Amino acid sequence: MAENNIAIYGINGPVVTIKGQTDLGMLEMVYVGEKKLVGEVIRIEKDLTTLQVYEETTSLKAGEPVIGTGSSLSAMLGPGIIGNIFDGIQRPLKALEERYGAFIGRGASVPTLDDTKKWDVTLSVSVGDEVSGGCVIATLPETEIITHKVLLSPLLSGKIVWTSGDGEYTINDTIAVLEDARGNRHDITLVQQWPIRTPRPIKKRLPSNVPLITGQRTIDALFPMAKGGAAAIPGGFGTGKTTAQHQIAKWCDADVIIYIGCGERGNEMTDVLTEFSKLTDPKSGKSLLERTVLIANTSNMPVAAREASIYTGITLAEYYRDMGYDTAIMADSTSRWAEALREISGRLEEMPADEGFPAYLPSRLAEFYERSGSALTLSGENGSVSIIGAVSPQGSDFSEPVTQNTKRFIRCFWALDKNLAYARHFPAINWMDSYSEYVNDFAGWYRENVGEDFLSCREEICSILMEENRLMEIVKLIGEDVLPDDQKAVIEAARVIKNGFLQQEVFSENDTFTPSAKQLKMMRVILHYYHKLCDAVSLHIPLSKLTAIGLSEKLIRMKFDIPRDDYTLIDEYEEEIETKISALMHEREASEA
C-alpha cells in the first residue's frame with residue numbers, strides 16, 4: 001500500500017493532481033479526500049501525479065489526504081451479481097438506497113455483493129486434487145435460471161489441501177484451501193477480484209460461426225450477428241436505439257444479459273429498471289432480471305464513472321463467459337462514453353483530435369469491442385461475449401468520429417433511419433445503409449438448422465430492395481405511372497417485404513418474436529408471390545388487376561395472423577397465391593386463344 005501522507009495539490013473537476021514524488025502506481029485505485037472518494041491514477045510525471053475521481057469532487061480541498069490501495073480498480077466477481085443494479089464502479093444502488101436513502105452522498109460505501117446471504121454450495125473438488133486457474137471449485141444456484149460456478153482465479157494453481165464440504169456459506173467464507181508450488185497457502189472463497197481494464201484470459205479463441213438469434217426479422221434474416229460478435233446501432237435522437245436493445249435483450253438466445261446505461265437520461269434508465277423487473281423471460285417463464293445485470297450511470301452522474309462503466313460491464317460478461325455461458329452486452333451509448341473521454345482529456349489539457357475527441361479514441365474503442373468473441377475457457381467450457389453498442393451521433397451524422405471509428409472494430413452495422421422511425425417503422429434499420437460481414441460464416445449453420453435455401457432467399461430479398469431503391473429515384477423524377485408493369489411489380493414486392501416482413505410490432509404476441517424457421521417460410525411465400533406477379537405481368541396482365549385480388553395486403557397482415565409457434569398455415573398462403581394468380585393467367589391465355 002502506498003504511503004498515507006500524500007495530499008491533494010490541485011482540483012479540476014474530476015481530475016485531481018498531487019505534487020511531488022509518490023509510491024503510487026499507474027492505474028492504481030486510490031481513496032481521495034476525507035470522505036475517501038474512489039479514484040484512479042491516470043498519469044505519473046516526475047513531480048506530478050494525476051488522478052481521476054469517480055465521484056463528485058464538490059467541496060474537496062487542497063491538502064486533503066490521498067490513500068493508495070496498492071491494487072487496480074477491480075470488479076468483485078461472485079454470486080449475487082445477477083439481478084443486481086450497479087453504478088459505473090460496481091456500487092450496488094439498491095443497497096446504497098437502503099442505507100443512505102434516495103440521495104446518495106459522496107464517499108458512500110456498502111459491500112458490492114451481499115456478504116450476509118448464505119448460498120447453497122456444492123463442492124466440485126476434493127482434497128488432493130491438482131487444480132489450475134479457471135477450474136470450477138464449486139457450484140451454487142444464483143437464480144432459478146443461472147447456476148453460478150465458483151472459478152479459481154486465473155492467477156492461482158496448485159493442490160487442494162482442505163475443503164469445507166457442501167453446505168451454506170456466505171461469499172467471504174473459506175470453502176477450500178489451495179497450496180501452490182512454492183508452498184504458500186491461499187484461502188478460496190466464493191468471490192474474487194479482477195482489474196476491469198484487463199481482459200480475463202482464455203485457453204483458445206473460437207470462430208464465431210453461430211448466429212445470435214434475436215427474433216427480429218431485419219436482424220436475423222438480413223443483417224445477422226454472431227454469438228461472440230460485435231455490432232453497432234447508430235441513430236439520432238428518437239430513432240429507437242434503446243427500444244431495439246430492449247427487444248434484443250429480451251428475446252436473444254444469450255444466457256446472461258449485461259445492460260449498461262452509459263450517460264443516458266435518468267428517466268430512460270428508470271424505464272429500463274421498471275420494464276425489466278416486469279418482463280418475463282420467454283425461455284424460462286421466470287423474471288427477466290434472473291438472467292440480467294443492470295449498470296446505471298446516467299448523464300448526471302460523475303463523468304469519470306461513466307468512462308469506467310463499460311469496462312465494469314465487459315468484465316462481468318467475461319466472468320460469466322468463463323463459466324460457459326453466452327453473454328450479451330447492451331452498451332447504451334458509447335457516444336456518451338466517448339464524450340466522457342473528451343471531457344477528461346480536455347481537463348488534462350491533451351491535444352484534441354477530430355471534434356475535440358482525444359487522439360486515443362480509436363484505441364479505446366478497440367480495447368472494448370475486441371473483448372468480444374467466442375472462446376474455449378480455462379475450465380474447458382465454450383462461452384461467448386457479444387457486444388451491441390448504441391451510438392448517438394448528433395443530427396444522425398454517421399460521418400462523426402465515434403461512428404466512423406466504431407465501424408473499424410465491428411462486423412455488423414445496424415443503421416437507424418429517422419424517416420423510418422417517424423413513419424412508425426420498427427425496427428427503423430435502414431436496409432440500404434446497414435451491413436453484416438457474418439452472413440457467409442453462417443452458411444453451414446443455416447443449412448443444418450433452418451433450410452438449404454435460407455441464404456438464397458435472403459439474397460433475393462436484398463436484391464429486390466436494392467432494385468426498388470433504384471426505381472424510386474426514377475419515380476421521384478418522373479412519377480410511377482411511366483414505369484412498365486414489371487418494374488411496378490418490383491416496387492409492389494418491395495412494399496410487401498418492407499411492411500410485411502421487415503416491419504415488426506413489439507406489442508403483438510405473434511409478431512414481437514419470429515423464429516428462424518418462420519422467417520424462412522415468410523420469405524419463401526413473399527418471393528413466390530413476386531415470381532407469380534412477374535409471370536403474370538409477362539403475359540400482359542395489368543398489375544392493377546393482380547393487386548386488386550388483395551393478396552399483397554393479406555401477406556402484409558400475415559405476421560399478425562400466423563401464430564409464433566405454429567407457422568404451418570403459411571403454406572395455405574402459398575396455395576392461395578398459386579390458385580388466384582394462376583386463374584388470371586389461364587383466363588388471359590384462354591382469351592388470347
Side-chain angles (χ1 to χ4, degrees), residues 211-226 229 231-236 238-241 243-245 247-248 388 390-391 393 396-399 403 406-407 410-440 442 446 453-476 487-506 511 513-514 516 518-520 522-527 529-530 552 555-556 558-559:
L212 180 74
I213 301 301
T214 67
Q216 311 308 299
R217 293 186 293 270
T218 306
I219 294 174
D220 291 352
L222 299 192
F223 312 111
M225 77 167 289
I233 311 181
T239 53
K241 297 183 296 297
T243 304
Q245 287 191 318
Q247 276 293 95
I248 296 170
I388 300 168
V391 187
S396 298
D397 177 17
F398 290 174
S399 65
T403 307
T406 297
K407 291 175 75 173
I410 60 170
R411 297 183 62 195
C412 197
F413 188 75
W414 301 324
L416 298 180
D417 189 313
K418 64 180 180 181
N419 293 325
L420 289 174
Y422 296 159
R424 299 295 187 267
H425 181 112
F426 175 86
I429 296 175
N430 187 305
W431 44 87
M432 300 307 299
D433 296 335
S434 304
Y435 63 84
S436 172
E437 297 176 358
Y438 293 110
V439 176
N440 293 331
F442 302 151
Y446 286 134
D453 57 338
F454 187 92
L455 286 183
S456 61
C457 288
R458 174 197 175 274
E459 289 171 5
E460 189 168 5
I461 291 282
C462 290
S463 66
I464 291 172
L465 292 172
M466 291 179 66
E467 179 64 12
E468 186 259 359
N469 185 69
R470 185 186 69 83
L471 292 173
M472 291 308 294
E473 294 298 323
I474 299 174
V475 169
K476 289 177 184 177
Q487 293 183 343
K488 289 181 181 179
V490 173
I491 294 175
E492 179 67 13
R495 185 176 75 87
V496 174
I497 291 169
K498 290 186 289 186
N499 297 334
F501 186 74
L502 299 183
Q503 190 176 18
Q504 208 156 342
E505 176 57 63
V506 174
D511 195 40
F513 174 85
T514 308
S516 296
K518 181 180 177 182
Q519 293 182 31
L520 176 57
M522 292 177 72
M523 287 193 291
R524 283 173 178 166
V525 73
I526 291 171
L527 290 174
Y529 177 56
Y530 169 63
S552 294
L555 289 178
I556 290 173
M558 171 176 59
K559 58 187 180 181

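Because the structure is a prediction, the values reported are computed rather than measured.
With hydrogens and angles ignored, the 3.5 Å screen pairs no side-chain donor or acceptor of Gln247 with any backbone N or O of Gln216. Checking side-chain atoms of Ser434 against main-chain N and O of Ala415 turns up a donor-acceptor pair under 3.5 Å. Side-chain N or O atoms of Lys241 include one that pairs as donor or acceptor with a backbone N or O of Gly235 at under 3.5 Å. Under a 3.5 Å cut-off, the side chain of Ser436 and the backbone N or O of Met225 do not form any donor-acceptor pair. For Trp414 (side chain) and Phe223 (main-chain N/O), a donor-acceptor pair under 3.5 Å exists by modelled atom type. Checked by atom type and distance alone, the side chain of Ser463 pairs as donor or acceptor with a backbone atom of Glu460 at under 3.5 Å.
The structure places CD1 of Ile219 at 7.0 Å from CD1 of Ile388, a figure rounded to the nearest 0.5 Å. Rounding to the nearest 0.5 angstrom, the gap separating the CG atom in Leu471 from the CD1 atom in Ile491 is 5.0 Å. Note that CG of Leu502 is 7.0 Å distant from CD1 of Ile497, once rounded to the nearest 0.5 Å. Here the straight-line distance linking atom CD1 of Ile429 with atom CG of Leu222 works out to 9.0 Å at 0.5 Å rounding. Atom CG in Leu465 sits 10.0 Å away from atom CG in Asn430 (nearest 0.5 Å). Interatomic distance, Phe413 CZ to Thr406 OG1, rounded to the nearest 0.5 Å: 8.5 Å.
The stretch residues 427-438 participates, sequence neighbours left out, in these salt bridge (charged side-chain N to carboxylate O under 4.0 Å, His left out) pairs: Arg411-Glu437.
Put simply, the side chain of Pro211 does not reach to within 4.5 Å of the side chain of Asp220, judged on heavy atoms. Looking at Cys462 and Trp431, their side chains never come closer than 4.5 Å, going by heavy atoms from C-beta outward. Using a 4.5 Å cut-off on side-chain heavy atoms (C-beta onward), Tyr435 and Lys407 make contact. Taking 4.5 Å as the limit, every side-chain heavy atom of Thr239 sits out of range of all side-chain heavy atoms of Asp417. Considering only heavy atoms from C-beta on, Ser516 comes within 4.5 Å of Ile213 through its side chain.
A salt bridge links Lys476 with Glu473; the closest basic N to acidic carboxylate O contact falls under 4.0 Å.
The ring pair (Phe, Tyr, Trp, His ring centres under 6.0 Å) check on Phe426 picks up nothing, with sequence neighbours excluded. Residues satisfying the salt bridge (Lys or Arg N to Asp or Glu O under 4.0 Å) criterion with Glu468, sequence neighbours excluded, are Lys498. Scored by the ring pair (Phe, Tyr, Trp, His ring centres under 6.0 Å) test, Tyr530 finds no partners at all (sequence neighbours excluded). A search for side-chain contact (heavy atoms from CB on, under 4.5 Å) contacts involving Lys559 returns Arg217, Gln503, Asp511, Met522, not counting sequence neighbours. Partners of Arg424 according to the salt bridge (Lys or Arg N to Asp or Glu O under 4.0 Å) rule, which considers only residues two or more places apart in sequence or in another chain, do not exist here.
In plain terms, the two heavy atoms of Leu416 and Phe398 that are nearest each other are O-CZ, 3.7 Å. Heavy-atom minimum distance, Leu520 versus Cys457: CD1-SG, 4.1 Å. Listed here is the closest heavy atom pair of Pro224 and Tyr438: O-CD1, 3.7 Å. Scanning both residues, Ser396 and Lys418, for their nearest heavy atoms gives OG-CD, 4.3 Å. Taking every heavy atom of both residues into account, Phe501 and Met523 meet most closely at CZ-CG, 3.5 Å.
Of the N and O atoms on the side chains of Ser552 and Tyr529, at least one donor lies less than 3.5 Å from an acceptor on the other residue.
In this pair, Phe454 and Tyr446 present their aromatic rings parallel. The plane angle is below 30°, not in the 30 to 60° band.
For Met432, the CE atom sits in a packed shell: over 12 heavy atoms of surrounding residues, nucleotides or ligands are nearer than 6.0 Å. For Asp397, the CG atom counts as densely surrounded, since its 6.0 Å shell holds more than 12 non-hydrogen atoms of other residues, nucleotides or ligands.
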